[in-house]
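Numbered from 1 within each chain, the chains take letters A, B, ... in sequence-line order. All of these numbers come straight from a predicted model, not from anything done at the bench.
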Protein chains: 2
Amino acid sequence: MSDKPTTIKEIAKILKISVSTVSRALNDHSSIGLTTKMRVKKLAMELNYEPNQKAIQFLQGKSHIIGVILPELSESFFSTAISGIEDVAYKRNYTVLLAQSHDDADREKLLVEKMKTQRVDGLLVSVSKTTSTYEHFEVFKKLNIPVVFFDRIPPIKDIHYVASNLENGTYEAVNFLLKKGHRTIGMINGPTTLVASHERKEGYIKAMISNRLKFDPSLIVSCDLSEDGTIDVMNTMLNHRRKPTAIVTFNDYVALFAMRYTRSLELEGIDFVSYANLPIINYMDYTPIASVEQFPYKQGKKAADILIDLINRPKNETGTEQAYFNVVVESELIVPTPK
Amino acid sequence: MSDKPTTIKEIAKILKISVSTVSRALNDHSSIGLTTKMRVKKLAMELNYEPNQKAIQFLQGKSHIIGVILPELSESFFSTAISGIEDVAYKRNYTVLLAQSHDDADREKLLVEKMKTQRVDGLLVSVSKTTSTYEHFEVFKKLNIPVVFFDRIPPIKDIHYVASNLENGTYEAVNFLLKKGHRTIGMINGPTTLVASHERKEGYIKAMISNRLKFDPSLIVSCDLSEDGTIDVMNTMLNHRRKPTAIVTFNDYVALFAMRYTRSLELEGIDFVSYANLPIINYMDYTPIASVEQFPYKQGKKAADILIDLINRPKNETGTEQAYFNVVVESELIVPTPK
DNA sequence: TAATTTTGCGCAAACGTTTGCTCAATGGTT
DNA sequence: AACCATTGAGCAAACGTTTGCGCAAAATTA
């Protein structure tokens, strides 16, 4: 039927009124009479009129699109986070342009370029593991396009970000194990370069101290998070003069490796606590007895909200100091209630 | 520094030439002299000129954005598929507007609306489980925006789609079990309403027949795919007069439930074959001995390629019959090589 | 040298919508 | 009767870019 979509012009012509009147009528402008409004709206309906967004975007310089760059959707943290982002975007009438860096810094850089040429209204980024320079984000500042980082945030100043703090959750985790009677608690931590490793360690220490226990640094070992690496550090743990009766692992994968290994040695009775990464964990035979939750959905939501706020904030008066949003989502220990 | 982005006009003014010359120079049009081209490009560089995509999109009526609506990113099938989609889009200079229906038909309908108002150049859809009407996709036909369905395709005529055929893979799976010496092979199938269930059954039957074995329909049971449902049908299986020595399950979750149940009964020696859904399966203690792979990445890739081809096909001459792409990606049995 | 082709560039329209300004007609107030 | 405020609607510019057409100057041919 209709080859080309209806335009405002056609409506104007049919009704023998001007385009501006039609435009105002459709937008419920106060200076248009009720009868005219009705006539316009009725015809618009009949002709299946849809405003040409491309024209509007062009005119107003807004796309109502936010770009999202993250490492890997197959990591459940991110696929959950994107749901939070998407839901907020949806509610606030934005749409989500998605791209994965696959933890490749070069690809990330290209994606940032693409987002720029698409002229997204704002950008949400969780940086790739291999990213070490951050100049490619500078352009956005010049273009006055806000960028909000989440979860994996770059170690630089003057950025907006939302991230989780694992100290709290880890504190609760260790505390929980202590309350359960454990006195020798091991921790399989990640590479010391990661902020996340540091936070875990701090939480651990804090818990020990607040329980008036001595902190034994040799009970915290770092690990490359591979299966072989996990087995190595498990051996270290198990041969420790104080063999741990409970272990906090860096993530669910490590927990799985470690638990499998202890079972293969027919060791029983070591309690594991991990960090929530894998949804599948609920379906498994052997699982950690508790998990530190990082609330990816909430993080995504928060980050998107901040970004859209930034997009819509009143034009920053020149001279005024820019304020940066730095939001920390606290982690929390979740102990499954046995059914 | 630069408050507003540089435009082609400014370049023209500075160089005292017309905007059309600048435009053509930047696009390497043949009718512009080399020296002029160089001058323009040099200045464009210096001024950090970026073409205003919104203007171009508006002018050409193309957004170079494809919409993708799928049920759940946290299902690994989809998060893998989107990678395929994204990679193709990336290569062919499109970007991906993403939205999840969360298997809610109403939400899906709204998302389709949104994609329409955003005027995507094309739409890729895997329909939600609860979707039962399909009129909301009709609008796109009128707007001449191509729609390609993938994996979960609606049971209607005259659509483009990419889907996998599980018959082949199932045939191979059953054949594999027969070659291993099994003679009584059970199948935990899904609801009979699903096309996928039908394909599995056909593959099963085909394998039996081609091995000159009698097909016993009572060895195929359908299941609601929940854990309780799985246990129910497992009981049926195990009490069958011919107790199966191998079982083909509808998906990895069902396989996990079933395997856990047999272990709880301290039954040994039943071989399981499943369909590849869960990446985590590789990390587990007890896994199916083989898997039917559905190649989500490939499916996503193919679907995106078809969509973009459709977007760029020459205008369909009126009167010419429309051709529909119906692509089937064959499934395949993967037997892990033990290390 | 005159006629013709090629080369290089400018003019202006077009895309669909919004919006500041203008202006006529109406109604109400002195 | 003269004046002012209000209401309702139109004119035209603007957003940045592409592109068909036209036209002059330069290069080629006869």
Nearest-Å distance for atom pair NZ/C1', residues Lys16(B) and dG10(C): 16 Å
Any Lys9(A) side-chain N or O less than 4.0 Å from OP1/OP2 of dC15(C): yes
ring centroid sep under 5.5 Å plus plane angle under 30, Phe58(A) with dT17(C): no
Asp104(B)/Lys129(B) ion pair, N-O < 4.0 Å: no
Touch class at under 4.0 angstrom, heavy-atom based, for Thr7(B) against every strand present: sugar-phosphate
Whole-Å gap separating C1' (dC15(C)) and CD (Gln57(B)): 13 Å
Phosphate OP1/OP2 of dA9(D): any Thr36(A) side-chain N/O under 4.0 Å: yes
Phosphate contact (dT17(C) OP1 or OP2) by Ser23(A) side-chain N/O below 4.0 Å: no
Check ion pair Glu10(A)-Lys13(A) (N to O, under 4.0 angstrom): no
Under 3.5 Å donor-acceptor pair, Arg24(B) side-chain atoms to dG10(C) base atoms: yes
Side chain of Asn52(B) (C-beta onward), nearest among dG20(D), dC9(C), dT17(D): dT17(D)
Touch class at under 4.0 angstrom, heavy-atom based, for Leu59(A) against every strand present: base
Centroid-centroid distance, Tyr161(A) to Tyr324(A), less than 6.0 Å: no
Salt bridge flag under 4.0 Å for residues Asp305(B) and Arg92(B): yes
Closest to the Ile17(B) side chain, choosing from dT17(C), dT19(C), dG10(C): dG10(C)
dT17(C) phosphate, OP1 or OP2, under 4.0 Å from Tyr49(A) side-chain N/O: yes
Value in whole Å for how far the P atom of dC9(C) lies from CD1 of Ile11(B): 15 Å
Minimum-distance nucleotide (side-chain atoms of Ala55(B) versus dG10(D), dG16(D), dG8(D)): dG16(D)
Rounded interatomic separation in angstrom, taking CD from Glu10(B) and P from dC15(D): 10 Å
Distance in angstrom units between Asp28(A) CG and dT19(C) C1', rounded: 16 Å
Most 5' of Ser18(B) and Gln60(B) on DNA chain C, judged by nearest nucleotide: Ser18(B)
Euclidean distance, atom CG of residue Leu26(A) to atom P of dG16(C) [Å, nearest integer]: 15 Å
Carboxylate-amine/guanidinium contact Glu46(A) Arg39(A), below 4.0 Å: no
Arg39(A) CZ - dG8(D) P separation (whole Å): 14 Å
Whole-Å gap separating C1' (dC9(C)) and NZ (Lys37(B)): 13 Å
